[in-house]
Amino acid sequence: MARALAPGTALARDFFLDAPDLVARKMLGKLLVRAGSGEARVGRIVELEAYFGEADAAAHAFAGKTKRNAVLFGPPGHAYVYFVYGMHYCLNVSCEREGRAGCVLFRALEPLDGLEAMARARGVATPLALTSGPGRLCQAFGITRAADNGTDLTAPESDLQIQDDGFKAGEILVTPRIGISKEANRPARFVLAGNPFVSKYKG
DNA sequence: AAGCGGATCGTCT
DNA sequence: GACGATCCGCTTG
């Protein structure tokens with residue numbers, strides 16, 4: 001049932017070399033793939049947010065490099081996983097050249113394969129609740145800071161990858177980012193228009 | 001249907 | 001010592 005993983009189809013590092021908003025646009029419609037030791041988990045990326053590094057008051061990198069956000073200042077294409085609210089993880093990909101801290105936050109996926117594993121990890125069965133939200137998708141994919149922070153998402157041997165299956169994204173909507181107090185009006189959230197798996201947020 | 005608050009802890013001031 | 005790039009359940013209308 002699970003589609004065969006095609007090693008070597010992970011997006012290349014150059015893909016993430018651009019500015020965060022450009023990378024986010026390009027990433028919509030791509031796949032997040034967790035190979036894992038058992039059932040593979042695959043989701044199509046339907047919602048992302050761009051964070052602009054040290055120039056962006058809403059970004060974790062705004063106050064400069066710290067132990068927590070160090071990955072953001074490294075080379076592009078690496079996973080930055082952080083822990084919030086005492087119980088949730090969120091996944092980002094680092095963008096831009098080494099030394100610049102832009103990144104893209106994964107906010108929602110459309111689950112394609114490994115739904116049972118996701119449901120088990122989440123303790124929830126309904127597909128709409130599996131991966132629609134940054135904390136939810138991390139739980140569904142078993143993403144933690146200890147296991148995944150700093151992982152090179154472009155490496156063929158990585159357990160976590162971003163792949164291209166040839167899907168063409170349709171209309172893209174751009175809105176302000178969610179859950180932040182600074183730069184609250186900046187349009188930097190990108191979603192696949194009309195996709196039901198985009199997160200439903202409450203003000 | 002929508003709004004509110006509790007859970008829970010690593011990170012930085 | 002305060003505060004999150006969140007989620008869920010309980011309350012109220």
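What you are looking at is a predicted structure, and each value in this text was computed from that prediction instead of being measured. Throughout, a chain's letter reflects where its sequence line sits, starting with A, and its residues are numbered from 1.
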Does C/dC7 have OP1 or OP2 sitting under 4.0 Å from an N or O in the side chain of A/His88? no
Could you tell me the separation between the NZ atom of A/Lys200 and the P atom of B/dA1, rounded to a whole number of Å? 14 Å
Using atom CD1 of A/Ile180 as one end and atom P of C/dA5 as the other, report the distance to the nearest whole Å. 9 Å
Taking only N and O in the side chain of A/Arg189, is any of them less than 4.0 Å away from OP1 or OP2 of C/dA5? no
Would you mind pulling out the nucleotide paired to B/dT8, Watson-Crick or G-U wobble, both distances under 3.5 Å? none
Rounded distance (Å) that lies between atom P of B/dT11 and atom NZ of A/Lys65: 16 Å
What does A/Gly86 touch in the nucleic acid at a heavy-atom separation under 4.0 angstrom: a base, only the sugar-phosphate, or nothing? base
For A/Val124 and A/Gly179, find the nucleotide of DNA chain C closest to each by heavy atoms; which residue's nucleotide sits nearer the 5' end? A/Gly179
Let's go through A/Tyr82 and A/His60 carefully: what are the C-alpha distance in whole Å and the side-chain angles of both, what is the deciding distance for ring pair (Phe, Tyr, Trp, His ring centres under 6.0 Å) to 0.1 Å, and is it a yes or a no? CA-CA 10 Å; A/Tyr82 68 90; A/His60 286 180; 4.4 Å; yes
Of all heavy-atom pairs linking A/Ile180 and A/Ala58, the shortest is CD1-CB, 3.8 Å
Testing B/dT8, B/dC12, C/dC7 for proximity to the side chain of A/Arg68, the answer is B/dC12
Please report the shortest heavy-atom distance between A/Leu173 and A/Ala193, naming the atom on each side. CD1-CB, 3.5 Å
Nearest listed nucleotide, side chain of A/Arg107, among C/dT6, B/dC12, B/dA7: C/dT6
Under 4.0 angstrom, heavy atoms only, what part of the nucleic acid is A/Ala63 near: base, sugar-phosphate, or nothing? nothing
Does A/Arg145 reach the side chain of A/Tyr89, with side-chain heavy atoms less than 4.5 Å apart? yes
Taking C/dA5 as the reference, what is the distance to B/dG3 when you measure between their P atoms (whole Å, please)? 22 Å
Choosing from C/dC7, B/dA7, C/dT6, which nucleotide comes nearest the side chain of A/Arg136? C/dC7
Figure out the NE2/P separation between A/His60 and B/dT13, and round it to whole Å. 13 Å
Can you tell me how far OG of A/Ser132 sits from CG of A/Leu137, rounded to the nearest 0.5 angstrom? 9.0 Å
Give a yes/no verdict on base stacking between B/dG10 and A/Phe83: centres under 5.5 Å, planes within less than 30° of parallel. no
Given that A/Met87 and A/Arg145 both sit by DNA chain B, which one's nearest nucleotide is further toward the 5' end? A/Met87
Rounded to the nearest Å, what distance is computed from the CD atom of residue A/Glu47 to the P atom of nucleotide C/dA5? 16 Å
Nearest listed nucleotide, side chain of A/Pro134, among B/dT8, B/dC12, C/dC7: C/dC7
Counting distance alone, no hydrogens or angles: does the base of B/dA7 have a donor or acceptor under 3.5 Å from a partner atom on the side chain of A/Tyr85? no
Could you tell me the separation between the CG atom of A/Asn69 and the C1' atom of B/dG10, rounded to a whole number of Å? 13 Å
Do the side-chain N or O atoms of A/Arg122 get closer than 4.0 angstrom to the phosphate oxygens (OP1, OP2) of C/dC7? no
Rounded to the Å, how far apart are A/Asn92 CG and C/dT6 P? 11 Å
Let me know the distance between OH of A/Tyr89 and P of B/dC9, rounded to the nearest Å. 10 Å
Quick one: does A/Val42's side chain get under 4.5 Å of A/Phe141's, heavy atoms only? no
